[in-house]
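On a predicted model such as this, the values are computed, not experimentally measured, just so you know.
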Amino acid sequence: MNSETSDSWFDPEATTFGDRVAGARERAGMTQVEMAKRLGVKLKTLKGWEDDMSEPRANKLSMMAGLLNVSLLWLLSGEGEGPDGPTAGDLSPDINEMLTEIRDIRAQLSLSTDRLGRLEKNLRSKLREEAGE
């Protein structure tokens, strides 16, 4: 990414999850090694996320959002509070409370989606077993 161009990586239409992670990490002044260490993952894992080869689990995604000072929504979709968004001190307590609740709900939704996927997979497996009997 050319640093002389506009911040086009913030555009949800022009960026990927990996682009946003890498860009926010750079804005936070962290190297890949530093961020991987702070997240408790291998460098290869972080590189996979930034290269859009894989995605983190909900708990690491939540940690990453906090570490990079961005919202989960922004990391996932490019919409919402990104690196250049308003800081918590610039917002009223009511708005901060709402933003925190939105972040919590998004994290819970992500965990529930993972859980639902596992349950559906188990159900399909059991249905196949019973059909084969």
Side-chain angles (χ1 to χ4, degrees):
M1 198 175 307
N2 186 344
S3 62
E4 294 174 12
T5 62
S6 68
D7 289 334
S8 62
W9 63 272
F10 284 105
D11 181 358
E13 299 297 319
T15 61
T16 65
F17 170 78
D19 293 334
R20 288 186 291 277
V21 171
R25 176 184 52 74
E26 290 168 3
R27 289 279 169 108
M30 266 186 278
T31 66
Q32 285 181 321
V33 172
E34 290 169 329
M35 185 162 159
K37 184 176 181 179
R38 291 182 75 180
L39 289 171
V41 300
K42 294 180 180 179
L43 179 59
K44 179 181 176 181
T45 301
L46 178 62
K47 286 182 178 183
W49 297 340
E50 289 190 0
D51 293 338
D52 293 305
M53 301 302 290
S54 61
E55 293 182 355
R57 290 182 174 257
N59 63 331
K60 294 297 180 185
L61 186 63
S62 180
M63 285 175 63
M64 190 182 311
L67 188 61
L68 299 173
N69 198 28
V70 297
S71 69
L72 283 171
L73 176 62
W74 184 83
L75 274 178
L76 293 170
S77 68
E79 299 174 4
E81 187 180 339
D84 290 332
T87 62
D90 296 339
L91 303 173
S92 73
D94 289 342
I95 291 174
N96 274 327
E97 185 177 323
M98 285 185 260
L99 287 171
T100 299
E101 188 173 355
I102 287 169
R103 289 180 189 129
D104 290 346
I105 291 169
R106 289 221 172 268
Q108 291 171 7
L109 280 173
S110 182
L111 290 171
S112 294
T113 300
D114 290 346
R115 185 175 169 206
L116 179 60
R118 285 190 305 274
L119 186 57
E120 288 175 335
K121 183 179 178 181
N122 290 340
L123 175 62
R124 283 191 300 272
S125 176
K126 292 292 182 187
L127 288 171
R128 275 190 237 115
E129 283 178 20
E130 288 189 13
E133 290 180 3

Checklist entry - If you link I, L, V, M, F, W and Y whenever their side-chain heavy atoms are under 4.5 Å apart, who else ends up in the same group as Leu116? => result none

Checklist entry - With sequence neighbours excluded, what pairs up with Arg38 under the side chain to side chain contact (heavy atoms under 4.5 Å, CB included) test? => result Met30, Leu67

Checklist entry - Are Leu76 and Leu73 connected, step by step, through hydrophobic side chains (Ile, Leu, Val, Met, Phe, Trp, Tyr) whose heavy atoms are closer than 4.5 Å? => result no

Next on the checklist: On a heavy-atom basis, which atom in Val70 and which in Ala24 lie closest, and how many Å separate them?
Outcome noted: CG1-CB, 4.4 Å

Next on the checklist: Using the rule that Ile, Leu, Val, Met, Phe, Trp and Tyr join whenever any side-chain heavy atoms are under 4.5 Å apart, tell me whether Val41 and Leu72 fall into a single cluster.
Outcome noted: yes

Checklist entry - Mind checking what makes side chain to side chain contact (heavy atoms under 4.5 Å, CB included) contact with Thr31, not counting sequence neighbours? => result Val33, Glu34

Checklist entry - Nearest 0.5 Å, what's the CZ-CE distance between Arg57 and Met63? => result 14.0 Å

Item to check | Minimum heavy-atom distance between Lys60 and Leu39, given as atom pair plus value | outcome: NZ-O, 2.6 Å

Checklist entry - Under the 4.5 Å side-chain heavy-atom rule for ILVMFWY, direct or indirect, which residues accompany Leu127? => result Leu123

Extract all donor-acceptor atom pairs below 3.5 Å that involve side chains of residues 45-52 and protein atoms in other chains or at least two apart in sequence.
from: Glu50; atom 1: OE1; to: Arg25; atom 2: NH2; distance (Å): 3.1
from: Glu50; atom 1: OE1; to: Gln32; atom 2: NE2; distance (Å): 2.7
from: Glu50; atom 1: OE2; to: Arg25; atom 2: NE; distance (Å): 2.6
from: Asp52; atom 1: OD1; to: Thr16; atom 2: OG1; distance (Å): 3.4
from: Asp52; atom 1: OD1; to: Gly18; atom 2: N; distance (Å): 2.8
from: Asp52; atom 1: OD2; to: Thr16; atom 2: OG1; distance (Å): 2.5

Checklist outcome for this item: One should read off an interatomic distance between Ser62 OG and Leu75 CG, to the nearest 0.5 angstrom, of 10.0 Å

Checklist entry - If you look at every heavy atom in Leu61 and Pro56, which pair is closest and at what distance? => result CD1-CG, 4.0 Å

Checklist entry - Does Asn122 have any side chain to side chain contact (heavy atoms under 4.5 Å, CB included) partners at least two apart in sequence or in another chain, and if so, which? => result none

Checklist entry - Which heavy-atom pair separates Ser71 from Ala65 by the least distance, and what is that distance? => result C-CB, 4.2 Å

Checklist entry - Could you give the distance from CZ (Arg27) to CZ (Arg20), rounded to the nearest 0.5 Å? => result 14.0 Å

